[in-house]
There are 2 protein chains.
Amino acid sequence: MSVHTTTDHTPRPNSLYDIGMTSDTNPIVSLVEFTYKKSVEIFGENVPAEYVYQVKKGAVRTYKLLSDGRRQIAAFHLPGDIFGLENGATYRSTAEAIIETTVLLIKRQSLETVAESDAVVIRSLLTATTKSLQHVENHLLLLGRKDAVEKVAAFLLEMDERLSGAGSVTLPMSRRDIADYLGLSLETVSRLLSQLRRAGALDFVGTTHRELKLLDRKQLLAFNLRD
Amino acid sequence: MSVHTTTDHTPRPNSLYDIGMTSDTNPIVSLVEFTYKKSVEIFGENVPAEYVYQVKKGAVRTYKLLSDGRRQIAAFHLPGDIFGLENGATYRSTAEAIIETTVLLIKRQSLETVAESDAVVIRSLLTATTKSLQHVENHLLLLGRKDAVEKVAAFLLEMDERLSGAGSVTLPMSRRDIADYLGLSLETVSRLLSQLRRAGALDFVGTTHRELKLLDRKQLLAFNLRD
DNA sequence: CGGGGGCTTGAGGCCACTCAACGATAGTGG
DNA sequence: CCACTATCGTTGAGTGGCCTCAAGCCCCCG
């Protein structure tokens, strides 16, 4: 698979601004753009954390595995999202491109160097980390205490908000991905989507069944007004 | 409320050093010690985040609620742990003392002031936030993909590690708290503890059934070697 | 000593699971 | 271009793990 030697990437003149980590007093730090094909691993769990990433185009899943193959997806990363931000020496999850995905990446070390002399950069890192923490804490409530319909409804609303906000969503991920994100089986996800369609809450548009139209946001929200 | 305002640079029980947020160049920031009785709220969800806390003695739960009363405990905070660390304007969870609990607290604003001129302090905040994130990410896997026995075994090992490490644990929290932490019903928690006792993995010591002795760590670990 | 909260245990039920079959779609190579 | 295959999604049947409801015990505390 793709190895992150610097020669693998085509360096482009970019400022830290792109990753939301810039300040006036900073030297410019070089960013690299790289594209991963569908299902390709970006980094593995417990390997040295060399880079920090930002999604430019596409979608990424980060997950943990149990030894028997059970998988929990912690987050989907969509354009604009930063991932791979670590404080320790290694990544704590595996990251994979869900579809063809272009990322910006920056050597963690160079970020650390800049950060030492620039509190603004550390603060940006802190902000990004806190944002992750917030998302994950909400997800705890979903996984621990919501039933299947509530989970799926919450997922649809989250994706609509993050992908379009217009009620028209093209999901990059499979039913299995959704299931592993929501702590359900893929059959249950499929069944509940069909059920919501029958109830008039949504409709399938294309042939792939990944293009959705949210018809009745109120109905979906009803499952989430509970928090 | 006993107020301790430190007036010199000498490290003392109540210096910033205790909360891991200090540097040589810093002005001293005043800490306050406060004690909460059992079941008393320390801060509520969505109220302005004025303070950052560190547990000195006792135990704290932070949780989110659904409107119908379902509760998900995100974390138990034990002596040494920092909680209430926010980036936004308000707390994202409710915090309550589980038993009589003494905390150190510091005005968030004074921390921010110091942080502006001191990258070391921000970095400490970042480290503390990352630590929370790590814990919560592991908990996602537990909630989403582990079965009831695995959850309870993981809980016992976590508490043993954090409370003693010696195989002898006095739990500060009730069965209901444990259940709301693990995404189970309290009856299931009780049943599984009994089951593990019958299997010889642990034993109840006192009359309250909150003092546990872990007899067969291997057996408990077997449920967790799966990750 | 009476009351209440916490813990345990049993009985029964339901929600989401597994196993299975099938249709549709996209990708591949002849 | 088309058969072939792998992958994905849907749906049904049946099961089981964990839930709810309920009763009872013990301990603490007023």
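Convention: sequence-line order gives letters A, B, ...; per-chain numbering from 1. Being a predicted model, the structure only gives us computed values, none of them experimental.
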Could you tell me the separation between the [atom1] atom of [X] and the [atom2] atom of [N], rounded to a whole number of Å?
| X | N | atom1 | atom2 | answer |
| --- | --- | --- | --- | --- |
| A:L142 | C:dA16 | CG | P | 12 Å |
| A:K38 | C:dT25 | NZ | C1' | 11 Å |
| B:I99 | C:dG6 | CD1 | C1' | 16 Å |
| B:D203 | C:dC7 | CG | C1' | 16 Å |
| B:R210 | C:dT8 | CZ | C1' | 14 Å |
| B:R175 | C:dG5 | CZ | C1' | 14 Å |
| A:E211 | C:dA26 | CD | P | 11 Å |

* Asked: At their closest point, which heavy atom of B:L220 faces which heavy atom of B:A201, and how far apart are they?
  ->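 Shortest heavy-atom separation between B:L220 and B:A201 comes out as CD2-CB, 4.2 Å.
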* Asked: Any idea which heavy atoms bring A:H139 and A:I73 closest together, and the distance?
  ->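 Shortest heavy-atom separation between A:H139 and A:I73 comes out as NE2-O, 4.5 Å.
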* **Residue pair A:N87, B:K131: steps toward the side chain to side chain donor-acceptor pair (under 3.5 Å) verdict** => CA-CA 9 Å; A:N87 234 5; B:K131 210 180 144 208; over 6 Å; no
* Asked: Which class fits the ring pair B:F76 and B:Y181: parallel under 30°, tilted 30 to 60°, perpendicular over 60°?
  ->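 B:F76 and B:Y181: tilted rings.
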* To do: Could you list by number each residue of residues 181-196 of chain B showing a heavy-atom separation from DNA chain D of less than 4.0 Å, or answer none if no residue does?
  =>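 Heavy-atom cutoff 4.0 Å gives B:G183, B:L184, B:S185, B:E187, B:T188, B:R191.
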* Asked: Contact boundaries of DNA chain D with chain A (under 4.0 Å, heavy atoms), 5' to 3'?
  ->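 Contact boundaries, 5' end first: D:dC8 to D:dA13.
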* Passing candidate, ring-ring contact (aromatic ring centres under 6.0 Å, His included) with B:F43, options B:Y36, B:Y51, B:F34, B:Y53 ->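 It is B:Y53, the one option of B:Y36, B:Y51, B:F34, B:Y53 that forms the ring-ring contact (aromatic ring centres under 6.0 Å, His included) with B:F43.
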* To do: Could you tell me whether A:R162 and A:E158 make a salt bridge, using a distance below 4.0 angstrom between a side-chain N and a carboxylate O?
  =>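 Salt bridge present between A:R162 and A:E158.
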* **Check ion pair A:R61-A:D180 (N to O, under 4.0 angstrom)** =>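 No, this pair does not count.
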* Go through A:F155 and A:L171 one step at a time and tell me if the side chain to side chain contact (heavy atoms under 4.5 Å, CB included) criterion holds. => CA-CA 11 Å; A:F155 170 77; A:L171 300 175; 4.2 Å; yes
